[in-house]
Amino acid sequence: MTEVPAPSAQRTAVVTGAARGIGAAVAVRLAADGHRVAVLDLHEEDTAGTVEAINTSGGTAVGVGADVSDAAAVDAAVSRIAGELGAPTILVNNAGILRDNLLFKMTETDWDAVLGVHLRGAFLMSRAVQVHQVREKWGRIVNLSSTSALGNRGQANYAAAKAGLQGFTKTLAIELGRYNVTVNAVAPGFIETDMTRATAERIGVPFEDFVRHTAAEIPVGRAGTPADIAAAASFFIREEASFVSGQVLYAAGGPKG
Ligand code: NAP
């Protein structure tokens, strides 16, 4: 007979880059799932909208400012979150930037910036949060990869970071499994956010045309939304997903990977 899973316990979640876009949707979704949420972004004041959206719908959220690529800032942020909301045992590594260019025009600064936020940031945040996960003998880490991990013109830095996050995900799943910590990745396809709006601007195409043109290539016939990605992250974080670890879920409206 199939057992109905027990509802998930309330935990403390940290979502990076949660001032807007996918991170904001993930933060709101995890709050709706019953968790306390630390809404982390570069500048604390930018988190006010997400924090208010959660708190006014009966959830519990605090805004935290930190650069995820700065080890001291990350450690201070995670300590503050543990003090204010309780041990953070859910981490969504979502903060990200783009510095697109063809290889021959890509500067070292643009390479380092992208690897710094996506890869080093995920490493520093995970290292700080795993202390609490190991102590609590329970945890969830969800990393934001991308279909760009499979290769994308003009994104050597971003593709390397997003492919790197997949190896990082699988390795942490092996190391942390014994502590009841699962580690998975969501790899979105095209999602309508400020990030894709900036890409349209850079290539000089009106955003609406960019979305329409991209959606025509997607099997389900539409662009993705931040809520689509929040739903995928929410699945990995559920109690009943405890046997799913080290996986990369392409959420792209069609087959990828
Ligand atoms: P977004 O709208 O640009 O939001 C990214 C957020 O991350 C911003 O609030 C940004 O803050 C913050 N951030 C940047 N650097 C940071 C740092 N060093 N420390 C802390 N926060 C930082 O991006 P998005 O489209 O929602 O994307 C979210 C994640 O999904 C990224 O990892 C992205 O690579 C991935 N993804 C997106 C798509 C897509 O189509 N949109 C597809 C695949 C994967 P500021 O505003 O201050 O810069």
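A quick note: this is a predicted structure, and the numbers were derived from the prediction, not measured. In what follows, every heavy atom counts, from backbone to side chain, and hydrogens, waters and symmetry copies are set aside. All ligand and atom numbering here is 1-based and tracks the order in the structure. Quick note: residue numbers are just sequence positions, from 1.
The immediate protein surroundings of ligand 1, defined as residues with any heavy atom under 4.0 Å of it, consist of G17, A19, R20, G21, I22, D41, L42, A66, D67, V68, N94, A95, G96, I97, V117, H118, L144, S145, S146, Y158, K162, P188, G189, F190, I191, T193, D194, M195, T196.
Counting only residues at least two apart or in different chains, salt bridge (charged side-chain N to carboxylate O under 4.0 Å, His left out) contacts with residues 44-66 comprise E44-R80. Applying the side chain to side chain donor-acceptor pair (under 3.5 Å) rule to pairs touching residues 173-183 yields nothing, sequence neighbours excluded.
Cation-pi contact between R11 and W138: present, with separation from the ring centre below 6.0 Å and deviation from the ring axis of at most 45°.
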Practice task
Start with the C-alpha distance between N93 and T16, add both sets of side-chain angles, then the distance that settles side chain to side chain donor-acceptor pair (under 3.5 Å), and finish with yes or no.
Solution key: CA-CA 6 Å; N93 284 310; T16 71; 4.6 Å; no
Practice task
I would like to know whether Q155 and S148 meet side chain to side chain donor-acceptor pair (under 3.5 Å); could you show each step before the answer?
Solution key: CA-CA 8 Å; Q155 292 197 315; S148 293; 2.7 Å; yes
Would you be so kind as to tabulate the donor-acceptor pairs closer than 3.5 Å made by side chains of residues 247-257, with sequence neighbours excluded?
from	atom 1	to	atom 2	distance (Å)
Q247	NE2	S245	O	3.2
Y250	OH	Q166	NE2	3.1

